[in-house]
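Structure first, commentary second.
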Amino acid sequence: MPKPLPCLALSALLATAALPLWAATCEDRIEDYESRVTLCATEAAAAENPEDAAVALGYQAEAERMLGRLDQAEATLQLALSLSPRNAWYWVELGHVRFDGGDVSGALGHYGTALELSPGDPYPLINRADAWSVLGAPDRCLTDSAAALAIDPGYTFAHLIHARCLIGAGRADEALTHLDPLLAADPAWLDPALARVQALTDLGRAAEAVASADQALAAAGDGD
């Protein structure tokens, strides 16, 4: 019969068993945003070089923004930019902070700076397109969204924003050609579903719009 483990060894074994199978890092983008803020702040403080510290701060700011702490997120991003001013992602994140705070014009400026730093990157392009859409500038929105899709034809978010631009430009029929494949791939995705309802309404297809809205609500409920 095996001897019982000493108390200390048993305690260590139980503690080890309680640990996760992997250790989270900032880049894992865990959805427990409070934990991510703490984790990333720790990583930033322990970083061996400014670039690594800036990366951790960028992920920390993203989590702060998701928590609605926009002032804190902006301060964290300013610190990241002081360490790595030419990293386009921090400028896009700063644009998101302004966008979420209702300063869409300010967001445009930050997305533009990101594009100057990374001209071939569809991410700042499509976010600037989204801002143009909110500001009621569909032609500028279409220019940016079309450019993003030319760079990455499989970029699903770009198809959504391009569809919104088309609806804003009075081309709802074309918008459906972008929205229908998105919903076929993910029926529970509410944003393209709502855009599809708007497109059908603009086309005078009221009965289809109502049916599409009902389907979207049912799919969203199934996703819960």
Side-chain angles (χ1 to χ4, degrees), residues 26-27 29-41 43-44 50-51 53-149 151-152 155-169 189-192 194-195 198:
C26 276
E27 295 189 18
R29 277 179 162 156
I30 57 175
E31 292 187 7
D32 180 350
Y33 299 120
E34 290 283 6
S35 295
R36 197 205 301 181
V37 168
T38 301
L39 175 66
C40 294
E43 285 191 19
E51 188 60 46
V55 169
L57 289 168
Y59 286 118
Q60 177 184 334
E62 183 182 61
E64 289 167 343
R65 177 173 63 83
M66 297 303 288
L67 289 167
R69 300 171 187 167
L70 300 184
D71 290 344
Q72 191 173 338
E74 180 163 1
T76 302
L77 285 166
Q78 293 292 357
L79 183 54
L81 284 166
S82 73
L83 299 172
S84 182
R86 297 193 62 78
N87 188 309
W89 176 47
Y90 309 141
W91 288 102
V92 173
E93 260 306 310
L94 196 56
H96 291 344
V97 170
R98 295 290 171 84
F99 191 101
D100 290 356
D103 181 11
V104 182
S105 296
L108 276 176
H110 293 314
Y111 296 146
T113 300
L115 281 168
E116 291 175 6
L117 295 171
S118 186
D121 188 347
Y123 185 54
L125 260 175
I126 202 58
N127 280 284
R128 190 171 71 173
D130 192 21
W132 284 126
S133 177
V134 171
L135 289 173
D139 291 341
R140 291 184 174 183
C141 178
L142 283 170
T143 297
D144 280 351
S145 61
L149 285 172
I151 296 167
D152 185 358
Y155 193 175
T156 55
F157 182 62
H159 281 281
L160 170 62
I161 300 304
H162 191 63
R164 288 176 177 168
C165 302
L166 288 167
I167 293 169
W189 188 5
L190 194 56
D191 287 338
L194 293 175
Q198 182 179 350

>> Rounded at 0.5 Å granularity, tell me how far OH in Tyr123 sits from CG in Asp152.
In response: 13.5 Å
> Is it true that a side-chain atom of Tyr90 and a backbone atom of Val55 form a donor plus acceptor pair closer than 3.5 Å?
Replying inline: yes
> To the nearest 0.5 Å, how far apart are CG in Leu57 and CG in Leu77?
Replying inline: 8.5 Å
> Atom CD1 in Ile161, atom CG in Leu166: separation rounded to 0.5 Å?
Replying inline: 11.5 Å
> Considering all heavy atoms of both residues, which atom of Glu62 and which atom of Trp89 are nearest to each other, and what is their separation?
Replying inline: OE2-CZ2, 4.5 Å
> Got a second to check how far Arg29's CZ is from Met66's CE, nearest 0.5 Å?
Replying inline: 10.0 Å
> What are the two closest non-hydrogen atoms of Ala88 and Ser118, and how far apart are they?
Replying inline: CB-CB, 3.8 Å
>> Looking at every heavy atom in both Arg128 and Leu115, which two are closest together, and how far apart are they?
In response: CZ-CD1, 3.4 Å
> Tell me, do Asn87 and Glu51 make a side-chain contact under 4.5 Å, heavy atoms counted?
Replying inline: yes
>> With side-chain contact (heavy atoms from CB on, under 4.5 Å) as the criterion, how do Asn127 and Phe99 come out once you've worked through the C-alpha distance, each side chain's angles and the decisive distance to 0.1 Å?
In response: CA-CA 10 Å; Asn127 280 284; Phe99 191 101; over 6 Å; no
>> To the nearest 0.5 Å, what is the distance between OH on Tyr33 and CD on Glu64?
In response: 13.0 Å
>> Quick check: closest heavy atoms across Ala158 and Leu149, and the distance to 0.1 Å?
In response: CB-CD2, 3.6 Å
> Under 4.5 Å between any side-chain heavy atoms of Val92 and Asp121, yes or no?
Replying inline: no
> So which heavy atom on Leu39 is nearest to which on Cys26, and how close?
Replying inline: CD2-N, 3.8 Å
> Can Glu43 and Arg36 be counted as an ion pair, charged N to O under 4.0 angstrom?
Replying inline: no
>> Please enumerate all residues that pass ring-ring contact (aromatic ring centres under 6.0 Å, His included) together with Tyr111, with sequence neighbours excluded.
In response: His96
> Any side-chain heavy-atom pair from Arg98 and Leu108 closer than 4.5 angstrom?
Replying inline: no
> Can the ring centres of Phe157 and Trp189 be said to be less than 6.0 Å apart?
Replying inline: no
> Could you state the interatomic distance from CG (Asp130) to SG (Cys141), rounded to the nearest 0.5 Å?
Replying inline: 7.0 Å
> Quick check: does any side chain N or O of Thr113 sit under 3.5 Å from a backbone N or O of Gly109, one acting as donor and the other as acceptor?
Replying inline: yes
> Of all heavy-atom pairs between Ala44 and Ala56, which one has the smallest distance, and what is that distance?
Replying inline: N-CB, 3.6 Å
> Got a donor-acceptor contact below 3.5 angstrom from the Ser133 side chain to the Ala129 backbone?
Replying inline: no
> Below 4.5 Å, heavy atoms only, C-beta onward: do His162 and Leu142 meet side chain to side chain?
Replying inline: yes
